[in-house]
Asks: 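Here it is, the structure in full.
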Amino acid sequence: EKAASFCEEIHTMLNEVREKGGGGVLSLLHIENIAVIESADIPFGSGFNALTGETGAGKSIVVDAIGAIIGERTSPELVGFVSAEFTGLPDLAWFRENGAGPDAEGTLLLQREIQADGKNLCRLNGRPLTVSQLRELGRQLLNIHGQHDGQQLLDPESHLDYLDCFGRTGDLLKDYQSSYQAMSEK
């Protein structure tokens with residue numbers, strides 16, 4: 001069941017990318033005064049980006065900052081300022097529904113200031129947003145995957161489910177199972 005839902009998610013994402021002609025790019029992440037990071041500008045390229053480094057290098061802080069900029073809950077210790085610049089975004093329904101979107105050059109700037117008292121100031125191209133709005137938009141902009149997300153791929157009990165899913169043999173499998181059940185009952 002997990003394999004089937006994972007597989008359907010992948011099919012849905014691939015279809016969305018095909019329909020939209022590709023996705024946008026997180027081109028720059030700016031972090032200020034969060035944990036041990038005084039100020040950092042982290043550029044990202046198109047395609048796959050991976051954060052690597054020694055233990056204690058700050059990878060988790062960067063991932064937490066990315067989570068914060070897409071509206072995820074933050075820990076009480078995460079206080080500071082994060083901004084992210086996105087380019088090449090498709091025309092998302094969220095933009096039309098909320099009357100906001102990329103500027104004339106196609107750049108979307110998200111900002112979130114997280115204060116010590118737990119209050120947040122969020123902006124999209126300078127326009128105020130709620131954390132809920134930021135989260136709704138953020139879900140359409142980025143997917144963050146951690147080092148253990150693929151663990152179910154290693155589970156041999158899921159392998160046939162993955163093959164059936166990727167082969168799109170669901171209807172054939174149901175027919176087979178029904179026939180087998182009917183024959184077993186005789």
Side-chain angles (χ1 to χ4, degrees), residues 9-10 12-14 16-150:
E9 277 185 52
I10 289 177
T12 302
M13 285 189 322
L14 290 174
E16 287 174 4
V17 168
R18 282 187 203 111
E19 288 171 13
K20 295 175 185 173
V25 174
L26 168 61
S27 51
L28 180 67
L29 179 71
H30 175 77
I31 303 170
E32 260 181 59
N33 300 320
I34 292 185
V36 297
I37 299 177
E38 253 181 63
S39 181
D41 287 322
I42 304 166
F44 291 89
S46 63
F48 177 76
N49 288 272
L51 296 174
T52 63
E54 299 289 326
T55 300
K59 299 178 299 293
S60 294
I61 298 168
V62 173
V63 171
D64 289 347
I66 292 171
I69 202 61
I70 60 170
E72 290 183 3
R73 288 189 183 273
T74 59
S75 68
E77 299 84 43
L78 191 75
V79 174
F81 178 81
V82 183
S83 68
E85 192 174 286
F86 292 85
T87 55
L89 293 170
D91 182 29
L92 300 173
W94 189 95
F95 297 144
R96 291 186 301 281
E97 292 164 6
N98 291 277
D103 63 17
E105 289 82 40
T107 300
L108 182 81
L109 179 64
L110 294 178
Q111 299 172 305
R112 183 173 180 184
E113 183 179 340
I114 306 158
Q115 300 173 349
D117 62 5
K119 292 185 180 171
N120 290 268
L121 300 172
C122 305
R123 298 194 180 290
L124 182 153
N125 289 346
R127 178 182 164 208
L129 286 179
T130 65
V131 175
S132 299
Q133 288 174 309
L134 186 61
R135 186 177 312 112
E136 284 175 29
L137 176 59
R139 287 182 182 142
Q140 297 176 46
L141 296 176
L142 284 176
N143 285 313
I144 300 173
H145 297 281
Q147 63 187 6
H148 299 294
D149 285 356

Asks: Looking at every heavy atom in both Gly71 and Arg135, which two are closest together, and how far apart are they?
Replies: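 Closest approach of Gly71 to Arg135: O-NE, 3.0 Å.
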Asks: Between Lys119 and Glu113 (side chain of the first, backbone of the second, donor and acceptor by atom type, cut-off under 3.5 Å), is there such a pair?
Replies: no
Asks: For side-chain contact (heavy atoms from CB on, under 4.5 Å), just list the numbers for Gln111 and Leu109, CA-CA rounded to whole Å, side-chain angles, deciding distance to a tenth of an Å, and then say yes or no.
Replies: CA-CA 7 Å; Gln111 299 172 305; Leu109 179 64; 4.0 Å; yes
Asks: Determine the minimum heavy-atom distance between Lys59 and Glu54, stating which atoms define it.
Replies: NZ-O, 3.0 Å
Asks: Is there a side-chain contact (heavy atoms from CB on, under 4.5 Å) between Asp91 and Arg96 once you walk through the steps?
Replies: CA-CA 8 Å; Asp91 182 29; Arg96 291 186 301 281; 2.7 Å; yes
Asks: Output the distance between atom CD (Glu85) and atom CG (Leu108), rounded to the nearest 0.5 Å.
Replies: 9.5 Å
Asks: Let me see the working for Arg112 and Val131 under side-chain contact (heavy atoms from CB on, under 4.5 Å), right down to the final yes or no.
Replies: CA-CA 9 Å; Arg112 183 173 180 184; Val131 175; 4.0 Å; yes
Asks: Using only atom types and a distance under 3.5 Å, with no angle test, would you say the side chain of Asn33 pairs donor to acceptor with the backbone of Val79?
Replies: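 Flag not set: sc Asn33 to bb Val79 has no pair under 3.5 Å.
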Asks: Atom CH2 of Trp94 and atom CZ of Arg139: how far apart are they, to the nearest 0.5 Å?
Replies: 13.0 Å
Asks: Between Leu26 and Phe44, what is the shortest heavy-atom contact and its length?
Replies: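 Taking every non-hydrogen atom into account, O-CB, 2.9 Å.
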Asks: Atom CZ of Phe81 and atom CG of Leu121: how far apart are they, to the nearest 0.5 Å?
Replies: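 These two atoms lie 10.0 Å from each other.
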Asks: Between Asn98 and Ala100, is there a donor-acceptor pair closer than 3.5 Å when you use the side chain of the first and the backbone of the second?
Replies: no
Asks: Decide yes or no on side-chain contact (heavy atoms from CB on, under 4.5 Å) for Asp64 and Ile34, but give the supporting numbers first.
Replies: CA-CA 10 Å; Asp64 289 347; Ile34 292 185; over 6 Å; no
Asks: Report the residue from Ile66, Ile31, Ile37, Leu28 that forms a side chain to side chain contact (heavy atoms under 4.5 Å, CB included) with Ile42.
Replies: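 Answer to the side chain to side chain contact (heavy atoms under 4.5 Å, CB included) test with Ile42 among Ile66, Ile31, Ile37, Leu28: Ile31.
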Asks: How many angstroms lie between atom CZ of Arg127 and atom CD of Gln133, to the nearest 0.5 angstrom?
Replies: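 Rounded to the nearest 0.5 Å, the CZ-CD separation comes to 6.5 Å.
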Asks: Identify the two heavy atoms, one from Cys122 and one from Leu134, that lie closest to each other, and give their separation to 0.1 Å.
Replies: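 Taking every non-hydrogen atom into account, SG-CD2, 3.8 Å.
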Asks: Where is the tightest heavy-atom contact between Ile69 and Ala84, given as atom of each residue plus distance?
Replies: CG1-CB, 3.7 Å
Asks: Determine the minimum heavy-atom distance between Gly106 and Pro102, stating which atoms define it.
Replies: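 Reported closest heavy-atom pair: C-CB, 3.7 Å.
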Asks: I need the Phe86 CZ to Leu124 CG distance, nearest 0.5 Å.
Replies: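 Between atom CZ of Phe86 and atom CG of Leu124 there are 10.0 Å.
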Asks: How far does CD of Glu77 sit from CD1 of Ile114, to the nearest 0.5 angstrom?
Replies: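 Separation between the atoms: 11.5 Å.
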Asks: Between Asn125 and Arg123 (side chain of the first, backbone of the second, donor and acceptor by atom type, cut-off under 3.5 Å), is there such a pair?
Replies: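 Answer holds: no.
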